[in-house]
Amino acid sequence: MPPLPREFYRRDPREVAPALLHQVLVAGPCAGLIVETEAYCGSGDPASHAFRGPTRRNATMFGPPGHLYVYFSYGMHWCANAVCGEEGEGVAVLLRGLRPLAGLEQMWARRPAARRERDLCAGPARLCQALGLDRAHDGADLVTGAGGVTIVDEGPGPPADVVCTTRVGISVAVDEPWRWYVAGESAVSSRRR
DNA sequence: ACCGGGATGTTCT
DNA sequence: GAACATCCCGGTG
C-alpha cells in the first residue's frame, strides 16, 4: 500500500484537491475514501488561514508539502488539511468528506451522534472526530506515515463524475470554484440543490 | 426537509 | 471584543 509521494502534493492546491478524490486516508485501524475537498490558496486567498502570513496556529501550512495541517475551529472541532505547493507558500487542501472503508466500529464509538453510516465522516470536523484526529496529528507526515496518518493510492481509481463548485462555510472569496466532490456520493458534507 | 440558535476557545483586531 | 474553513438539536411545515 504505497502512500502518495511527496511530489503529488508539491503543486497548486487546485490541482491536488481534485486529484485527492478517491484516494484513501488512513489513521490507525480507520480508513476512508476521500470524496470531498477544498483548495485554500495562501496569500492570494482571503478565506485561507495563511492569508495574513504565518502564525503559531498555521505554522504547519507554511512547512513542506505532504504534511497534515490540523486546526481547532469554533471552540470544539478539529479540521484537517493536506499541505501543498512549495515550502513557505501556505497552500493546502481541506479534507471535507470521506466514505468510511475500515475501522467502522471505532468510528461509531467516537461519533455517537451519527445516525447513519454516511454521516460518520461527512464534514471536515466529523471526519476528524471519526478518525480521532486532533492537535496531536498536526504536522504528521502523510508520505512517511510519521505521526500516524497517511494517504495511500489504494482507491477504486479516478472517479467518473467530479463536480467543481464554490466552497462552504466562508464569508469571503465565496465565488471561487475551489471545492470538488464525487457526484452521487452521500458522504458529501453540504448537499446542495 | 429546512431553518435558527447555542456550544465553545483560539486567534487576531 | 469579534470572528471563526462547524456540528447538533429542537422547532416547524
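A, B, ... follow the sequence lines: proteins, then strands. Residue 1 opens every chain.
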Taking A:R126 for its side chain and A:A122 for its backbone only, find out whether a donor-acceptor pair lies under 3.5 Å.
-> yes
Output for pair (A:S186 OG, A:R99 CZ), nearest 0.5 Å, gives 8.0 Å
Just to confirm, is there a sub-4.0 Å distance from OP1 or OP2 of C:dC8 to any side-chain nitrogen or oxygen of A:R111?
-> yes
Sorted by number, the residues of residues 14-30 of chain A with heavy-atom contact under 4.0 Å to DNA chain C | none
For B:dC2, the Watson-Crick or wobble partner whose two distances fall under 3.5 Å | C:dG11
Within one Ile-Leu-Val-Met-Phe-Trp-Tyr cluster: A:Y71 and A:V149, side-chain cutoff 4.5 Å = no
Decide yes or no, distance alone: a donor-acceptor N/O pair under 3.5 angstrom between the base of C:dA5 and the side-chain of A:Y71.
-> yes
Just checking, A:R6 and A:F8: is the charged tip under 6.0 Å from the six-membered ring centre and within 45° of the axis?
-> no
By nearest nucleotide on DNA chain C, pick out whichever of A:A113 and A:E38 is the more 5' one.
-> A:E38
Taking a pair as Watson-Crick or G-U wobble with both distances under 3.5 Å, which nucleotide is matched to B:dT8?
-> none
With sugar-phosphate meaning primed atoms plus P, OP1 and OP2, does A:I170 contact a base, only sugar-phosphate, or nothing at under 4.0 Å between heavy atoms?
-> sugar-phosphate
Write down the distance separating the P atoms in C:dA5 and B:dC3, rounded off to the nearest Å.
-> 22 Å
Which of B:dT11, C:dT6, C:dA5 is nearest the side chain of A:R135? It is B:dT11
Output yes when at least one side-chain N/O atom of A:H49 is less than 4.0 Å from OP1 or OP2 of C:dA5, else no.
-> yes
Does B:dG9 have A:Y74 stacked on its base, where the ring centres are within less than 5.5 Å and the planes differ by under 30°?
-> no
Distance, rounded to the nearest Å, where A:M76 contributes CE and C:dC9 contributes C1' = 12 Å
With heavy atoms under 4.0 Å as the rule, sort A:F72 into base, sugar-phosphate or nothing.
-> sugar-phosphate
Taking A:R167 for the side chain and A:R179 for the main chain, is one N or O donor matched with an acceptor at less than 3.5 Å?
-> no
Please state how far atom CZ in A:R96 lies from atom C1' in C:dC7, giving the value in whole angstrom units.
-> 12 Å
Using a 4.0 Å heavy-atom cut-off across all strands, classify A:A125 as base, sugar-phosphate, or nothing.
-> sugar-phosphate
Distance test, side-chain N/O of A:T55 to OP1/OP2 of B:dC12, below 4.0 Å | yes
Six-ring centre of A:W78, A:R135 cation under 6.0 angstrom, axis tolerance 45° | no
OP1, OP2 of C:dC4 versus side-chain N and O of A:S171: anything below 4.0 Å?
-> yes
A:R179 side-chain N/O to C:dA5 phosphate OP1/OP2 under 4.0 Å | no
Any chance the rings of A:Y40 and A:H49 have centres within less than 6.0 Å?
-> no
Side-chain atoms of A:P124 come closest, of C:dT6, B:dT11, C:dC8, to C:dT6
